[in-house]
Number of protein chains: 2
Amino acid sequence: MNIGQAARASGVSAKMIRYYEQTGLIPPAGRRDSGYRDYSSEDVHMLRFVRRARDLGFSMAAINELLDLWRDRSRRSADVKRVATAHMIELRERIAHLSQMVATLQTLVDCCSGDHRPDCPILADLEEPAEEHPRKHPSGALQRPNPRP
Amino acid sequence: MNIGQAARASGVSAKMIRYYEQTGLIPPAGRRDSGYRDYSSEDVHMLRFVRRARDLGFSMAAINELLDLWRDRSRRSADVKRVATAHMIELRERIAHLSQMVATLQTLVDCCSGDHRPDCPILADLEEPAEEHPRKHPSGALQRPNPRP
DNA sequence: CCTTGACCTTCCAACGATGGGAAGCCCCAT
DNA sequence: ATGGGGCTTCCCATCGTTGGAAGGTCAAGG
């Protein structure tokens with residue numbers, strides 16, 4: 001099976017298959033006399049594994065671990081769970097980070113009239129950020145950053 | 001004011017200041033006789049603007065637009081709002097993407113016993129993804145992907 | 001004056017994962 | 001045998017940021 005066929009069968013592009021091989025994520029494929037790489041259905045199986053892990057956002061380093069665990073019949077499922085949980089925690093952190101950005105942007109966008117006039121609270125905030133430091137120990141009065149007019 | 005001082009005053013690293021200048025995001029700084037870049041408080045102000053925009057996740061292309069609008073006294077706030085809204089939509093899409101990953105991972109992690117045994121639904125899913133195609137037009141019965149035992 | 005250490009300059013490389021493309025060889029069908 | 005498509009390797013680009021090397025500059029202290 002050529003690399004193109006393996007690519008179509010696995011959903012991993014030929015480019016990426018070569019890259020994964022080059023970086024050692026997957027073992028070097030066998031070669032025909034012509035120099036063409038040759039893939040078995042097991043190889044495709046492995047590529048689909050990698051593809052699925054990529055779709056779930058695992059880094060190549062994590063996929064490396066997962067592949068090792070996959071091949072290790074005496075693995076402990078706890079090890080797999082640890083890798084997946086760590087990844088999930090990182091994803092949640094990224095989501096929290098993005099959500100914070102979105103929340104701030106939404107506030108600013110809500111405050112912007114969005115018309116022909118130049119006055120814009122969005123630019124005003126970029127220029128001089130409002131001190132929205134949500135205190136972990138709120139000692140003062142609750143702030144109303146977005147009072148509806 | 002040297003680049004290091006401007007960096008500390010703006011929160012943008014000296015490396016990035018040079019990079020922003022090189023790519024045309026910010027105008028070239030003035031130079032002393034020694035060749036050192038020289039920054040005014042207005043330059044720092046602009047750098048703080050860029051920093052804040054970066055913190056909100058804007059791409060450099062978007063920051064370029066925002067800087068132009070910032071400098072344009074006859075801007076229409078609608079244009080600023082459009083840039084911010086487009087960015088917010090993209091952030092929301094990224095959040096949705098990550099959330100989908102997290103949801104799948106959470107399901108898998110919940111199903112994994114995480115002990116010394118090798119059986120692992122996480123690896124099983126990576127190997128052969130469960131066909132969880134949530135239909136946009138659910139014609140059949142609701143699926144129960146995670147029935148509590 | 002000279003040294004020393006901190007600072008500045010430019011240039012080059014790397015990260016992570018992927019895409020694009022060029023130059024050249026191989027395979028298969030007409 | 002010829003054409004077209006697939007394969008090979010190699011290089012470059014992305015995006016924003018960091019790191020380092022080699023060399024010039026500044027300021028303080030001996």
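What you see is a predicted model; the values in this text were computed from it and never measured. Throughout, protein chains are lettered first and strands after them, A, B, ... in sequence-line order, and every chain is numbered starting at 1. Values below: every heavy atom of this structure, side chains too, minus hydrogens, waters and symmetry copies.
- As rounded to whole Å, 5 Å separates atom P of D:dT8 from atom CZ of A:R18.
- For the pair B:E21 CD and D:dT17 P, the computed distance is 16 Å after rounding to whole Å.
- Listed nucleotides C:dA17, D:dT8, D:dT18 differ in distance to A:R31; the shortest reach to its side chain belongs to D:dT8.
- Contact annotation for B:F58: no contact, since no heavy-atom pair falls under 4.0 Å across all strands.
- Here the side chain of B:M60 is nearest to one of D:dG6, D:dT18, D:dG16, namely D:dG16.
- Regarding A:I3, its CD1 atom lies at a distance of 17 Å from the P atom of C:dC26, rounded to whole Å.
- Within 4.0 Å of B:R32, counting heavy atoms only, lies no atom of the nucleic acid at all.
- Between A:R94 atom CZ and C:dG16 atom P the separation is 14 Å, expressed in whole Å.
- Side-chain atoms of B:Y36 come within donor-acceptor range of the base of D:dG24, with a qualifying N/O pair under 3.5 Å.
- In this structure, B:R54 reaches the D:dT17 phosphate: one of its side-chain N or O atoms is under 4.0 Å from OP1 or OP2.
- Nearest to the side chain of B:S34, among D:dG16, D:dC26, C:dC8, sits D:dC26.
- Heavy atoms of other residues, nucleotides or ligands lying less than 6.0 angstrom from CD of B:E127 number more than 12.
- Atom CE in A:M1 sits about 11 Å away from atom P in D:dC7, given to the nearest Å.
- For A:Y20, there are no ring pair (Phe, Tyr, Trp, His ring centres under 6.0 Å) partners at least two apart in sequence or on another chain.
- Counting non-hydrogen atoms of other residues, nucleotides and ligands closer than 6.0 Å to NE2 of B:H97 gives a total of 12 or fewer.
- Residue whose closest nucleotide on DNA chain D sits further toward the 5' end, between B:Y19 and B:K15: B:Y19.
- Atoms CD (B:Q22) and C1' (C:dT10) sit 10 Å apart, rounded to a whole Å.
- At distances below 3.5 Å, at least one donor-acceptor pair connects side-chain atoms of A:H87 with backbone N or O atoms of A:L56.
- Rounded to an integer number of Å, the gap from A:I17 CD1 to C:dG19 C1' is 15 Å.
- Of the N and O atoms on the side chains of B:T107 and B:D110, not one donor lies less than 3.5 Å from an acceptor on the other residue.
- Across all strands shown, B:R37 has heavy atoms under 4.0 Å from sugar-phosphate atoms exclusively, and none from any base.
- Spacing between atom CG of A:D38 and atom P of C:dC26 amounts to 17 Å, rounded to whole angstrom units.
- Listed nucleotides D:dT17, C:dT9, C:dC11 differ in distance to B:Y20; the shortest reach to its side chain belongs to D:dT17.
- The phosphate of C:dT18 has neither OP1 nor OP2 within less than 4.0 Å of any side-chain N or O from A:S13.
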